[in-house]
Amino acid sequence: MPSLRPHPLKFPNKFTWGFATAAAQIEGAAFEDGKGWSVWDDFARQPGRVAGGDTLDVACDHYHRFDDDFRLMRSLGVINYRLSLAWPRILPDGGRVVNQPGIDFYHRLFDSMERHVITPWVTMFHWDTPLALEKKGGWRHRGTVDAFARYADVIVKAYGDRVKHWFTLNEIPCFTSLGYSGALDKAPGILASPQVVNQTLHHAVVAHGHAVRAVRTFGGRGAQVGMADVPNGYIPVTESEEDIMAARRAFTSANDRILGVVTQGRYSAAYLRACGADRPIVQRGDLALIASPTDYLGLNVYYGDFVRAVPGDAGFEVLPFPAGYPKTCRTGWLKTTPQALYWTPRFATEIYGAKTIYITENGYGANEAPSANGELHDLHRRDYLRQYLHELHRAIRDGIQVKGYFAWSFMDNFEWADGYSVRFGLVHTDYKTQKRTPKLSARWYSRVVAENALV
Ligand code: FCB
């Protein structure tokens, strides 16, 4: 009898499968062992900022439970883990004074990962700027770049012998252009002028350059580094040449500000034209540092906008999503658009020359509770992930060099302005008891990883 199973969609040999999280979202212990305040510790205490008035104080209490968490991760067969380090745990006020208990904590964490044979992929910065730096201007201020450069040196010196995969900064637009353009839901939640907003973006890419420099200088043998970017994604509404060209144009016009400058070492004429009088001030040496060669590009991909070709200078039109389009999260930002995981890596490759790509985040947020028997049938998340991975498989088949995929997120955690009301975990977190329960999606993902194929 022929196999009952459909022909499997196999991923390439040695494909890296992992989970992703970030320090601020899972660790808790927000003021323990000398950790300083981050902008998010402060933001969460401002009335009306975070759903339900939730704070990061306890989160998943991973600070005290990491060993059990790694045992669970390992039991699911996931042996690659993207985590971030909390800058204010290492340098509580962002200055020069190193907090040794903070350094020791991550050594204990890496020890535990080693015991469970899990490889760390470390993000240096995932939005938790030390509050003391924000009080001096934060990312508006060049001093934050210098402070970040010192931080990068400290962590790469401390952990360079055990961490060989680094990511520099996570999703630059979220803590710069959103954080300083009056968006209500991203710390520090300040409204600055357009020039200052462009300057924060510039400062962040300079910081990225310093992070690469730190890894090259102190990372030791075999150390690799790249950014974890979140490009705006654009999907041609039909896969005709005209619509594909239109989507490419949309991709360039939105993403030159980061991907353009880090890969080409200059701001594109189109970007500078769009900035007009509000262009960033660039210091001598910045552009070469920003464009320091990297080993890979990390892409966080959640959704894309649909684009079609239209006559006119821009040559593209972004189509509005109709009411009732499948979407999730409190503000509805996450639209189910699987083709984003085909086109975003493809455009990053074709337009910006990315040679090696890791999908550093992809996931689905909802608010689900266990059923009466304690099981969690998160079929919507499972389906979302499966559809997106199908498109990723198609991109790889078409020659795009995607080497790995990290599902966001290992467990439910503090989802920024949505607090604990939106759950992205493949593992359920009961915030009262801190009990972890793998959802159906975790069981399914575990099989995908084991078979290296879509199942
Ligand atoms: C991304 C963030 C990550 C998580 C997901 C849902 O933008 O990088 O921390 O909150 O969204």
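As the structure lists them, so they are numbered: ligands from 1, and atoms in each ligand from 1.
- Looking at every heavy atom in both residues, Pro92 comes nearest to Lys35 through CB-C, 4.5 Å.
- Taking the six-membered ring wherever Trp is involved, the centroid distance between the rings of Tyr267 and His202 falls below 6.0 Å.
- Tyr364 and Asp383 share no donor-acceptor pair across their side chains, judged by distance under 3.5 Å alone.
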N/O contact list for ligand 1, threshold under 3.5 Å:
| residue | atom | partner | partner atom | Å |
| --- | --- | --- | --- | --- |
| ligand 1 | 7 (O) | Glu171 | OE1 | 2.6 |
| ligand 1 | 7 (O) | Glu171 | OE2 | 3.0 |
| ligand 1 | 8 (O) | His126 | NE2 | 3.3 |
| ligand 1 | 8 (O) | Asn170 | ND2 | 3.0 |
| ligand 1 | 8 (O) | Glu171 | OE2 | 3.3 |
| ligand 1 | 8 (O) | Glu361 | OE1 | 3.0 |
| ligand 1 | 8 (O) | Glu361 | OE2 | 3.1 |
| ligand 1 | 9 (O) | Gln25 | OE1 | 2.8 |
| ligand 1 | 9 (O) | His126 | NE2 | 2.8 |
| ligand 1 | 9 (O) | Trp416 | NE1 | 3.0 |
| ligand 1 | 10 (O) | Gln25 | NE2 | 3.2 |
| ligand 1 | 10 (O) | Glu415 | OE1 | 2.6 |
| ligand 1 | 10 (O) | Glu415 | OE2 | 3.3 |
| ligand 1 | 10 (O) | Trp416 | NE1 | 2.9 |

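- Applying the ring-ring contact (aromatic ring centres under 6.0 Å, His included) rule to Phe66 yields the partners Phe105; only residues at least two apart in sequence or on another chain are considered.
- Between the Tyr352 side chain and the Asp256 main chain, a donor and an acceptor come within less than 3.5 Å of each other.
- Checked options Arg436, Lys435, Arg423; the residue passing with Asp412 is Arg423 (criterion: salt bridge (Lys or Arg N to Asp or Glu O under 4.0 Å)).
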